[in-house]
Amino acid sequence: MTSSPGGLAAKTLPLLRHPVLRRLAQAFFVAFLLMVFAFLLIRLIPGDPAMILLGDEATEEDVIAYRKLLGIDGSIPSQFGRYVSNLVRGDFGVSIRSREPVLSIVGKRLPVSLWLTVTTIVMTIALALPLGVAAALYRRTWFGHAFQIGASVLVATPVFFSGLLLILLFAVQVNLAPIAGYHAGFPANLYYLWLPALTINFVLVPVLARILQSSIVETSTEEFVEAAIIRGTQGWRFYWRYLLRPSLAPTIAALGYFAATVVSYAVIIEIIFNLPGLGMTLVDAVRNRDYPLVQGIVFLSGLLVVGLTFMADLVNGWLDPRAQIR
Amino acid sequence: MTAVTAHAGEKMQQKDMTRPLLEGKDISVTFGRGAEAFDAVRAASVTVHGGEAVGIVGESGSGKTTLARALVGLQRPSAGEVWLEGQPLFSAGTEQRMPRSERWKTQMIFQDPYSSLNPRMRVWQAVAEAVQVWQNLSGAEARMEALRLLNAMGISDDQARQFPKSLSGGQRQRVSVARALAPDPKVLIADEPTSSIDQSAQAQLLNLLRRLQSERGLAIIFISHDLGLVRYLTSRVYVMQKGDIVEAGKTQDVLERPQHSYTQLLIDSIPGR
Amino acid sequence: MCQQKEREIEPLLEVKDLCISFGKGGGRKLPVIDAANLSLDQRQAVGIVGESGSGKTMLCRALIGTLPRHGAGIVSGTVRFDGQELAGAPERVWRGIRGREIGYIPQSSLAGLNPVLTVETQLVESITAVGSFSRQEARQEAAGLLEKVRIPRAQQVLKARSHQLSGGMRQRVMIAAAIAQGPKLLIADEPTTALDVTIQREILSLITQLRQELNMALILVSHDLAVIEEVCDDVMVMYAGASVEAGPVAALSKAPRHPYTRALRVSRVDRAVPGQDLEAIPGDAASVGSWPAGCRFWPRCALADEACRRDTQPALMPTAQQLSACIHAERMAELEQ
Amino acid sequence: MTAGSPSIAPAGRLSRVELRRYWRQLNAESRWGVVILALILVLSVSVPLLSPNDPYGFVDQPLQPPSAAFLFGTDHLGRDLLVRVFTAARLDIALAILGVSVPILIGTFIGTLAGTTRNRIAETVWDGLVNALTAFPEIILVLGIVAMVGADIRGLLIAIWISRWAQYARIARAKSLALRDAEFVQAAQVLGYSQLRILVRHIMPNVFSEALAYALSDFIFIIVIIGGLSFLGLGVTPPTPEWGAMLAEGRLYLRTEPWLILFPGFFLSLTAIGVALLARGLERISKGEDD
């Protein structure tokens, strides 16, 4: 992540020299711009959205009412002002279809998506860390070569295909997972979530393991590793202090970045596995041209990623003091 | 030995009467603002005459590179003026900028041979580009001229066809010199050009610079932390410490009778002393 | 008894006809060193001088047993240290040697310290590797080490990480870590390359003092002959993977018996006359993988003749007070005119 | 594996000798990538040309398993799956190339400009813009734009263009920031070259090579987005043959007629795998690894 916004702010506000506060200020700035983008999204609609929704036979009153519903009545600055003040008060608009507040729809559907995301990320870490370390340590053996080829193959296989294949294998042939569906409540939901999470990890784990692997390989050529070997540092202490810890920073940073990818893939995965999460809601909303609902979900998903990235940054700063001085 | 120094002295006297070719007057460079501001260079004045080689010595952080960058217009000084051939090129007071048409007169060779050539251009192209921009030649003529310049620097036609990555550090620095000479400049500023090349390549490069100075009458500002190099190549020297010029004078005098304790420390630190 | 006697005459370290290649297994081997010879006694200081690509760093790695990490290995030759053969020694043997018997200061002070650990953590590792110390004792020992390398405010430096220290300070910490286990031999690979001249002077004199205080032998690698002349008793000159001359510093500086050594001396600017050309070595240094046949130096040598081109790289032979790998060692006087 | 070089589409002015030289510089991974991509290109050109069957036409009973007459079987409407799979290949690859090429041009241009200006406030706003745009989960942003612009090929492409350029801008900006301090750029300034010349001759080529490397991995992502959105019914829609849309159709027959998803899915994956192998191979060559 670039640090320029914080850099400028640090010049003007001494408080922002603290790295955590600086990151926080950055996150808020980005969140504000997310809001602007979400606001602009609805202006991409060619023509009059109200007319599109109502058709040609709409009455004048209906069109005016719809414009109000969509927040596109009045001048652009006043629209934006209203939009922002509504958002701040937690009003994300109303679904055109169900007339239910966007926030309450999201509130109902979000837990499923969050569970999927969290399950996926936990699984990613559990799988990618050992795999990356092994791929680095056994780089020149058959395992290392198999890892390279296997990673390229898995990374390139689209989730909606690998998802179907996994259903074919685990749900149809072996019956270790349900074909689709969801049942709320931990830990029962894990039964429904492990296969979708695994599907996303088919793409994510190779990428992350590769980053960790090349980071470890790079670290291992550093002088300080040689110095540690020479002064006789051995065993787990050597691996943790000299190979893994200095290499984790880029991996964690990537993990924060991949939060967006997980949320992305979750959309398709929810459709395949029939999970009633935000992704499914979004796809339905797109099909139904439910503009406010689409707008709200796009904005909130961005906000979610900014939050996750912020957390990854914090962990990163703690792991690697070099990151703070940049 | 005596004949050489006498000759050099004579030359110096001659030059002292004429006005300097390049002159930096009271140049200051400040980085940052407010509480974090620090002066990289403080009111430094340097001059160089035609055909003269002048040294700037100092350790890392002394401001010598920043001063050089200010002289070629790569760094905007916060105060001071740069004069070339009696004409003001830049003045911090008027925010006047160095006109592009004047730039060719002062050229520079950089410290890192590995980043001073564009990795996507063949060696001859890098030189031919400079030739074409400044000498109004056709493509084929520029290529011939570039190869001629490169050959004079000891780069063969075969090497000129390569990309920089297949050249050694010493060869790259000589390519940099060829490129800097393409506009036929009057002043050449060399910023630690030998600090990251091997000793045998260093001797080749130093010979080249010395000949450019004595045979073509090129004025050279040689920046280094190594007093040995400065002693060999220059007749006058400025010693910099933490942004200030703490001592200036004829190289021989400064080395034999240093007035400032920092100069003395630098002299004592030369290996083999 | 008999062994005891032998040890008295045997040098502390003897490297004989060492060949090192990149790559594993048969087929594609790329030699980086093919005739390195080095000998050093207890408490002696020997310098290794050579330009980039001459193999001097690889030789150091062979002496601390880290060649495999760099994709290289010893092909032939011997490395005897303190009566023990180290060429091809298993990792188990190296663990008893590295740090304890042979200390090492790496090339670049910038990357020598782990950026995520404090100085204290790394020094304590060094200290506890040899004996059992309590945490408190180890910390005290670490502070003592920093004092030994003349670091003021040791407590503050112990808590620092590498990016908070200056280059000179980092290199002092590296020296402290290298001497922590009281080695008999200290290897310093270009320890001052990235440092300012004034700091370089301080570090070199620190190394010299510590060597005397702790009775260590020293191998100092540098591309600068002047640095070596200042610190060392003997010097070994490397060119393109081979030792080309070795002997007392004084002999090599007064009457070099290899044209390359001579060229290194006369191409220096220190004693050159301003206004006169330096006697530069023509051409470029032979790089790894493209060594010429015959004597490696012949394409750049004024003495070269048919014999130099035809034969293989000559071995070191005694001449005057030193060893030289030039078949025309006796004709060296010609070059002085 | 090392057998003769594959016939890559029109070689232009490249001579046979040169092709062979390039081939020799490649490592195993990138060679596999080239072979796979060449195979798919050849099949996607030749199969629809040579086959007597129409990708839209009814040719036999629906849901026939693969046989000698219909190598890939027939789909739920009785269309020849083989012809459909390779007609889809043409569309998917063309769309992916279109999807990559516009963002790389726009993004690199904007990013390089942003990287070469020295205005703190502009930089701050710029950083925020790119960070915000790249913070949106990619597919969600694409879906959002498609919802507004329209769920068809045009909407899909516009959505990809709007959402992907920022990645290239980010890469280009980082690279040009680094290049701004490179000594060869400073040398160009000292030589008095015009800003335009420095930008076009010295900065752009170096930025572009970095962007191209990214473009290969982006190609994979974009082909997944195209397939993914069509799979969701929001991109290319039936009856147009498109891999993702075909998977969506075949999904209903997953238990009983799995070949309906296996063939389109396999060739979609194989295309992406070919590009992935090529990208990885080239990356390793440029890094200087050759094991």
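- Between A:S264 and D:P137, the closest heavy-atom pair is OG-C, 3.3 Å.
- Contact annotation for A:L44: both backbone and side-chain heavy atoms come within less than 4.5 Å of a heavy atom of chain D.
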(message) Using side-chain contact (heavy atoms from CB on, under 4.5 Å), reason through D:L143 and A:V294 one step at a time and then give a plain yes or no.
(response) CA-CA 8 Å; D:L143 274 171; A:V294 171; over 6 Å; no
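- With a threshold of 4.5 angstrom between heavy atoms, A:L154 does not approach chain D through any atom at all.
- Judged by distance alone, the side chain of D:S269 and the main-chain N or O of A:T157 form no donor-acceptor pair under 3.5 Å.
- For the atom pair D:E29 CD and A:Q148 CD, the distance stands at 5.5 Å (nearest 0.5 Å).
- Between A:I271 and D:R251, the closest heavy-atom pair is O-NH2, 3.2 Å.
- Neither the backbone nor the side chain of D:A151 comes within contact range of chain A; no heavy atom of the residue lies under 4.5 Å from a heavy atom of that chain.
- Annotation for A:L41 and D:M148: closest pair O-CG, 3.4 Å, computed over non-hydrogen atoms.
- In A:R43, the CZ atom is crowded: over 12 heavy atoms of neighbouring residues, nucleotides or ligands sit closer than 6.0 Å.
- Between D:L268 and A:P158, some side-chain heavy-atom pair lies under the 4.5 Å cut-off.
- Taking D:V125, D:I158, D:I140, D:I162 one by one and counting their heavy-atom pairs under 4.5 Å with chain A, the maximum is reached by D:I140.
- Shown here for A:L164 and D:F231, the closest heavy-atom pair between the two residues is CD1-CE1, 4.2 Å.
- Remark: A:F32 CZ is loosely packed, at most 12 non-hydrogen atoms of other residues, nucleotides or ligands lying under 6.0 Å away.
- Between D:F136 and A:F37, the two ring planes are perpendicular [angle over 60°; tilted spans 30° to 60°].
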(message) Could you go through A:V306 and D:N131, starting from their C-alpha distance and side-chain angles, then the distance that decides it, and tell me whether this counts as side-chain contact (heavy atoms from CB on, under 4.5 Å)?
(response) CA-CA 9 Å; A:V306 171; D:N131 282 347; over 6 Å; no
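- Within the 4.5 angstrom heavy-atom criterion, atoms from both the backbone and the side chain of D:E138 approach chain A.
- Both the backbone and the side chain of A:V263 come within less than 4.5 Å of a heavy atom in chain D.
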Could you list the donor-acceptor pairs under 3.5 angstrom formed between side-chain atoms of residues 253-267 of chain D and any protein atom two or more places apart in sequence or on another chain?
residue : atom : partner : partner atom : Å
D:W259  : NE1  : D:Q64   : O            : 3.3

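- Listed here is the closest heavy atom pair of A:L33 and D:A132: CB-CB, 3.6 Å.
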Cut-off 3.5 Å, no hydrogens considered: what does the side-chain donor-acceptor table look like for residues 216-228 of chain D, sequence neighbours left out?
residue : atom : partner : partner atom : Å
D:S217  : OG   : D:Y214  : O            : 2.9
D:D218  : OD1  : D:R164  : NE           : 3.1
D:D218  : OD1  : D:R164  : NH2          : 2.6
D:D218  : OD2  : D:Y168  : OH           : 2.8

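- Contact detail for A:F29 and D:T124: the closest heavy-atom pair is CE2-O, 3.6 Å.
- Using a distance-only test at 3.5 Å, with no hydrogens or angles considered, no donor-acceptor pair links the side chain of A:R289 to the main chain of D:G150.
- When heavy atoms are compared at a cutoff of 4.5 Å, A:R210 approaches chain D solely by way of its side chain, counted from C-beta outward.
- Of the listed residues (A:L308, A:T261, A:V203), the one with the most heavy-atom contacts under 4.5 Å to chain D is A:T261.
- Note on A:I167, A:V305, A:L34: by heavy-atom pairs under 4.5 Å with chain D, the leading option is A:L34.
- Among the candidates D:G155, D:A276, D:G233, D:A147, the residue making the largest number of heavy-atom pairs closer than 4.5 Å to chain A is D:A147.
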